[in-house]
Amino acid sequence: MKLSYLWQGLPGHPLHPPLTDATIGMYTLATVGGFVEVVGITKNNGAIVWWLGLVAGLIVTVPTALTGLADWLTMTWRSELWWTATWHLLLMVTATTFFGLAAIFGHTAYTHANVSGGSYALTLIGFGCLTLGGWFGGSIVFVHGMRVLNLVEEPTARAVAPVPHPEKEAAEGA
C-alpha cells in the first residue's frame, strides 16, 4: 500500500470526487433552506436548515479542498489540465469565501431564527461560484480524463473493490 492512498485514494477510486458530492450537497441544502425562509415558505425552520447547511458545508470543505489540492499538486505545471484545475480551484475558494462570509454575517439573524437578505445574497453568490466551479471540476474528469482508468471490460466485483490492482496502478501511472 502506498502512503498517497491516504489522501488521493486508490487507483480508480479517488477521494476528492465523492467528497465534492457531500460538500455540494451541504451548500445546496443551505441555499434551498435560505430560499424557503427568505420567501416566507417557512418560519424559522428554513433559517435552521440554512445555518446548519453552511456550517456543515464549511466543515466538509476542509477534507474536500485538501484532497483536491493533493491532486492539483500532481499535475504538469501550465498544462491544459492544470489550467482547468486551477480555475476550478479558484472558483471553489471563491465559493467557500462567500459561504463563510454568509455564515459570519448571518449569524446574528440566525440566532433569531431568520436569514438576512444580505447573508442570503452572499449564499447565492457562493452557490453561483460553486456551480461554475463544479462545471470546471467535471471537465477535469470527463474531458481531460484525470484519474480515469478506462477499463471498460473490468468485471463489476473488481471494478468496485476497495483494493488496488496492479493493472489499475499501471493504467493510472501511480
Side-chain angles (χ1 to χ4, degrees), residues 7-9 12-148:
W7 60 85
Q8 288 187 317
H13 300 280
L15 290 178
H16 183 67
L19 289 172
T20 64
D21 293 348
T23 305
I24 291 168
M26 303 284 184
Y27 288 136
T28 301
L29 180 69
T31 304
V32 171
F35 175 78
V36 298
E37 186 68 31
V38 168
V39 300
I41 294 172
T42 67
K43 183 166 175 56
N44 305 338
N45 291 335
I48 294 167
V49 169
W50 170 76
W51 179 256
L52 291 177
L54 283 178
V55 171
L58 290 166
I59 291 168
V60 175
T61 293
V62 174
T64 304
L66 291 175
T67 56
L69 181 62
D71 285 344
W72 183 80
L73 290 171
T74 66
M75 295 175 189
T76 302
W77 181 262
R78 294 192 173 272
S79 65
E80 291 304 319
L81 169 63
W82 182 87
W83 281 113
T84 303
T86 300
W87 279 108
H88 168 67
L89 182 151
L90 292 171
L91 285 161
M92 293 314 210
V93 168
T94 301
T96 302
T97 300
F98 278 104
F99 288 129
L101 290 171
I104 291 167
F105 293 123
H107 184 261
T108 301
Y110 162 72
T111 60
H112 296 96
N114 197 359
V115 177
S116 69
S119 295
Y120 189 63
L122 292 170
T123 302
L124 288 176
I125 294 168
F127 192 74
C129 292
L130 178 79
T131 302
L132 187 56
W135 183 274
F136 275 78
S139 296
I140 293 166
V141 175
F142 298 110
V143 175
H144 294 290
M146 181 174 181
R147 309 270 324 257
V148 175

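Values in this document were obtained by computation on a predicted structure and should not be read as measured data.
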Engineer: Looking at every heavy atom in both His16 and Gly68, which two are closest together, and how far apart are they?
Structural biologist: ND1-N, 3.2 Å
Engineer: Run the numbers on Met92 and Leu130 for side-chain contact (heavy atoms from CB on, under 4.5 Å), then give the verdict.
Structural biologist: CA-CA 6 Å; Met92 293 314 210; Leu130 178 79; 4.0 Å; yes
Engineer: Distance from His144 atom NE2 to Met75 atom CE, nearest 0.5 Å?
Structural biologist: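 These two atoms lie 9.0 Å from each other.
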Engineer: Which heavy atom of Gly133 sits nearest a heavy atom of His88, and at what distance?
Structural biologist: O-ND1, 2.7 Å
Engineer: With sequence neighbours left out, what residues match Trp135 under ring-ring contact (aromatic ring centres under 6.0 Å, His included)?
Structural biologist: none
Engineer: Determine, step by step, whether Phe127 and Tyr27 satisfy the ring pair (Phe, Tyr, Trp, His ring centres under 6.0 Å) criterion, reporting the C-alpha distance in whole Å, the side-chain angles of both residues, the deciding distance to 0.1 Å, and the verdict.
Structural biologist: CA-CA 7 Å; Phe127 192 74; Tyr27 288 136; 8.8 Å; no
Engineer: Please tabulate, for the side chains in residues 41-58, all donor-acceptor contacts under 3.5 angstrom to protein atoms that are two or more places apart in sequence or on a different chain.
Structural biologist:
from  : atom 1 : to     : atom 2 : distance (Å)
Thr42 : OG1    : Glu37  : OE1    : 3.1
Thr42 : OG1    : Gly46  : N      : 3.1
Trp50 : NE1    : Thr123 : OG1    : 3.0

Engineer: Show your working on side-chain hydrogen bond (donor to acceptor under 3.5 Å, both in side chains) between Ser116 and Tyr110 and close with a plain yes or no.
Structural biologist: CA-CA 8 Å; Ser116 69; Tyr110 162 72; over 6 Å; no
Engineer: Under a 4.5 Å cut-off applied to non-hydrogen side-chain atoms, are Leu81 and Met146 in contact?
Structural biologist: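 Of all side-chain heavy-atom pairs linking Met146 with Leu81, at least one is under 4.5 Å.
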Engineer: Compare all side-chain heavy atoms of Gln8 with those of Leu15 and state whether any distance is below 4.5 angstrom.
Structural biologist: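 When only atoms from C-beta onward are counted, Leu15 and Gln8 do not touch, as no gap falls below 4.5 Å.
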Engineer: May I ask you to check whether Thr84 and Ser139 show a side-chain donor-acceptor distance below 3.5 Å?
Structural biologist: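 Absent: no donor and acceptor within the cut-off.
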Engineer: Pick from Thr97, Leu124, Thr94, Leu90: which one makes a side-chain contact (heavy atoms from CB on, under 4.5 Å) with Cys129?
Structural biologist: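 Single pass found, and it is Thr94.
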Engineer: For Phe136, is the CZ atom crowded, meaning more than 12 foreign heavy atoms sit under 6.0 Å from it?
Structural biologist: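 More than 12 heavy atoms, drawn from other residues, nucleotides or ligands, come within 6.0 Å of this atom.
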Engineer: Nearest 0.5 Å please: distance from the CD1 atom of Ile125 over to the CG atom of Leu101.
Structural biologist: 9.5 Å
Engineer: Just verifying a value: how many Å separate Leu89 CG and Leu69 CG, rounded to the nearest 0.5 Å?
Structural biologist: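 CG of Leu69 is found 7.0 Å from CG of Leu89.
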Engineer: A quick test of your reading: do over 12 heavy atoms of other residues, nucleotides or ligands sit less than 6.0 Å from CH2 of Trp7?
Structural biologist: yes
Engineer: Search all heavy atoms of Thr64 against all heavy atoms of Thr67 and return the closest pair with its distance.
Structural biologist: O-OG1, 3.0 Å
Engineer: Does a side chain donor of either Trp82 or Thr76 reach within less than 3.5 Å of an acceptor in the other side chain?
Structural biologist: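 The criterion, which ignores hydrogens and geometry beyond distance, is not satisfied for Thr76 and Trp82.
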Engineer: Return the minimal non-hydrogen interatomic distance between Ala102 and Ser119, and the atom names on each side.
Structural biologist: CB-O, 3.4 Å
Engineer: Compare every heavy atom of Asp71 with every heavy atom of Thr74, then report the nearest pair and how far apart it is.
Structural biologist: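 Looking at all heavy atoms of both residues, the shortest contact is OG1-O, 2.6 Å.
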